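As structure tokens, the structure follows; a few thoughts come after it.
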There are 2 protein chains.
Amino acid sequence: MAQSDTVTRILDTAEVLFAERGFAETSLRTITSKARVNLAAVNYHFGSKKALIQAVFARYLDPFTVRFHSALDELEARHAGGVIPLEELLETMARTVLEVPAEKHSLKVFMKLLGLAYSQAQGHLRRYIQEEYGSVFSRFTELVRKATPELPDAERFWRLHFVLGTVIFTLSGLDALRDIAEKDYQEHVTVRDLIRRLRPVVVAAMNAPLPPPPAAQPAKAS
Amino acid sequence: MAQSDTVTRILDTAEVLFAERGFAETSLRTITSKARVNLAAVNYHFGSKKALIQAVFARYLDPFTVRFHSALDELEARHAGGVIPLEELLETMARTVLEVPAEKHSLKVFMKLLGLAYSQAQGHLRRYIQEEYGSVFSRFTELVRKATPELPDAERFWRLHFVLGTVIFTLSGLDALRDIAEKDYQEHVTVRDLIRRLRPVVVAAMNAPLPPPPAAQPAKAS
DNA sequence: TCCTGCAATAAACATTCGTTTGAAACATGA
DNA sequence: TCATGTTTCAAACGAATGTTTATTGCAGGA
């Protein structure tokens with residue numbers, strides 16, 4: 001099984017280096033030399049550097065979507081026809097996110113990659129993730145809609161992204177933040193600690209009172 | 001005033017391109033040709049690409065810190081000795097953030113740059129910002145501490161970063177999110193709209209109930 | 001045993017990058 | 001007007017990048 005070995009060694013090395021330095025800052029030569037494979041192996045097995053980046057994400061997101069879909073199936077069955085409470089939806093998503101990388105990879109790396117996917121230019125990545133995994137996200141947001149009928153659609157849309165920002169930002173910058181927290185508060189924080197801290201904050205954010213309607217602006221074409 | 005013209009033209013062009021594509025993905029040739037200045041001008045006026053990146057940030061952050069310090073001065077004077085309510089602190093920060101770029105530059109660009117500063121590798125940038133502007137942030141967090149005495153220090157630390165994540169993530173990805181929101185909800189959202197929406201969410205997040213204490217874990221060295 | 005197809009390898013390719021150089025153009029003050 | 005210091009400019013440098021090529025090694029089936 002020589003092929004599979006080379007492929008996974010490339011993926012294992014690439015995901016760590018990407019998470020540490022970003023995509024543009026990580027050269028194929030750095031990856032291949034650290035993985036102890038030939039430079040041309042990346043282009044041979046994946047086609048291009050872009051395709052390698054997407055493959056790194058697919059290795060996380062494919063099992064995630066499978067598990068998340070079935071977790072939502074089970075949740076819907078349990079509440080047969082009824083509304084699933086917001087807390088359970090968030091809980092299920094958190095559990096799935098924790099489960100998937102735990103098997104083999106690092107949750108920290110996964111979160112770091114997600115953060116990069118959003119902030120780095122890499123237009124092709126955003127497009128790829130949107131097209132490939134947009135549907136599972138749509139299913140989730142539809143369930144959230146049913147769980148929060150009092151929220152206007154636009155307001156829920158923005159709040160979901162506020163929360164997404166909190167999670168991705170915090171978990172993807174975990175290392176740097178942990179260093180500060182450890183120095184100042186002498187406590188070693190794990191990802192699970194953070195999720196425990198995130199839960200009440202996220203719930204409170206989603207349930208916050210509605211903002212006042214926008215002040216009447218001077219009419220202006222836009 | 002030929003020099004100053006070249007310098008500002010480089011800065012104006014660089015900040016837009018950096019915000020659009022990231023630092024590593026923007027070459028000096030792209031910047032200088034778009035700014036219609038000679039390629040060598042960057043190294044002549046700034047010394048290096050790294051220094052140019054820092055200069056782009058300094059042009060935003062220098063006036064910001066000046067204004068923020070004096071806004072906090074005024075706030076402290078008004079509450080002479082007493083505690084400044086959390087809402088006022090957040091309000092003051094938001095107002096200052098809105099004020100500074102409004103004069104000349106784009107708030108959107110500034111937020112995008114902040115998001116990049118956090119996520120892109122660019123260790124030198126994080127270090128530079130920390131060393132150069134860490135003190136004003138410390139002053140702010142100290143006031144937040146007085147405003148939220150019921151929060152354990154560590155909890156407040158994390159919640160502040162949760163909120164920071166929300167703001168930076170949302171505002172730095174504003175363009176992409178706005179496109180979706182506009183398509184789905186037929187509403188054109190401005191930065192000010194977003195801040196109006198952010199306020200109750202942020203306040204609710206900071207005032208959320210405390211998380212349960214960590215479950216007793218099996219003893220494990222770590 | 002020979003053949004076919006896949007995988008690994010070293011080498012080279014063509015760009016692109018940040019930076020440096022040395023001369024030209026320019027402005028300023030004596 | 002001349003001398004001086006600063007800014008602009010075209011050109012080149014050396015290093016690093018992603019990708020391609022041609023060759024070699026090696027497996028399993030006819």
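As a basis for the values below, the full set of heavy atoms in this structure was taken, side chains included, without hydrogen atoms, waters or symmetry mates. Remember, predicted model here, so these are calculated numbers, not experimental data. Here is the naming used below: chain letters follow the sequence lines, and residue numbers restart at 1 for every chain.
- Computed from coordinates, the Leu28(B) CG to dT19(C) C1' distance equals 9 Å when rounded to whole Å.
- Residue Lys49(A) contributes atom NZ, which lies 15 Å from atom P of dT16(C) at whole-angstrom precision.
- Residue Ile10(A) contributes atom CD1, which lies 12 Å from atom P of dA7(C) at whole-angstrom precision.
- Ring pair Phe57(A)/Tyr128(A): centre-to-centre distance not below 6.0 Å.
- Using the six-membered ring where Trp is involved, Phe64(A) and Phe68(A) have ring planes that are parallel, under 30° apart on the 30 and 60° scheme.
- The side chain of Ser27(A) places no N or O atom within less than 4.0 Å of a non-bridging phosphate oxygen (OP1 or OP2) of dA16(D).
- Salt bridge absent: Arg9(B) and Asp12(B) never bring a charged side-chain N and a carboxylate O closer than 4.0 Å.
- To the nearest angstrom, P of dG18(D) lies 8 Å from CD1 of Ile31(A).
- Taking 4.0 angstrom as the limit, Thr6(B) places none of its side-chain polar atoms (N or O) nearer than this to OP1 or OP2 of dT7(D).
- One atom, CG of Leu52(A), and another, P of dG18(D), lie 10 Å apart when rounded to the nearest Å.
- Taking every side-chain heavy atom of Asn38(B) into account, dC9(D) is the closest of dT19(D), dC9(D), dG18(C).
- Rounded to whole angstrom, the span from the CG atom of Asn43(B) across to the P atom of dT8(D) amounts to 14 Å.
- Between Tyr60(B) and Phe110(B), the distance separating the two ring centers is shorter than 6.0 angstrom.
- When the P atom of dT9(C) is taken as reference, atom CZ of Arg36(A) falls 11 Å away, rounded to whole Å.
- Nucleic acid contact for Thr26(A): sugar-phosphate only, since backbone atoms but no base atoms lie under 4.0 Å from a heavy atom of the residue.
- Of the residues near DNA chain D, Thr30(A) and Tyr44(A), the one whose nearest nucleotide (by heavy atom distance) lies more toward the 5' end is Thr30(A).
- Heavy atoms of Ala40(A) sit under 4.0 angstrom from at least one base atom.
- Between the C1' atom of dA7(C) and the CZ atom of Phe46(A) lies a distance of 14 Å, rounded to the nearest Å.
- Using a cut-off of 4.0 Å between Lys/Arg side-chain N and Asp/Glu carboxylate O, Glu91(A) and Arg199(A) are scored as salt-bridged.
- Of the candidate nucleotides dA12(C), dT19(C), dA8(C), dA8(C) has the atom nearest to the side chain of His45(A).
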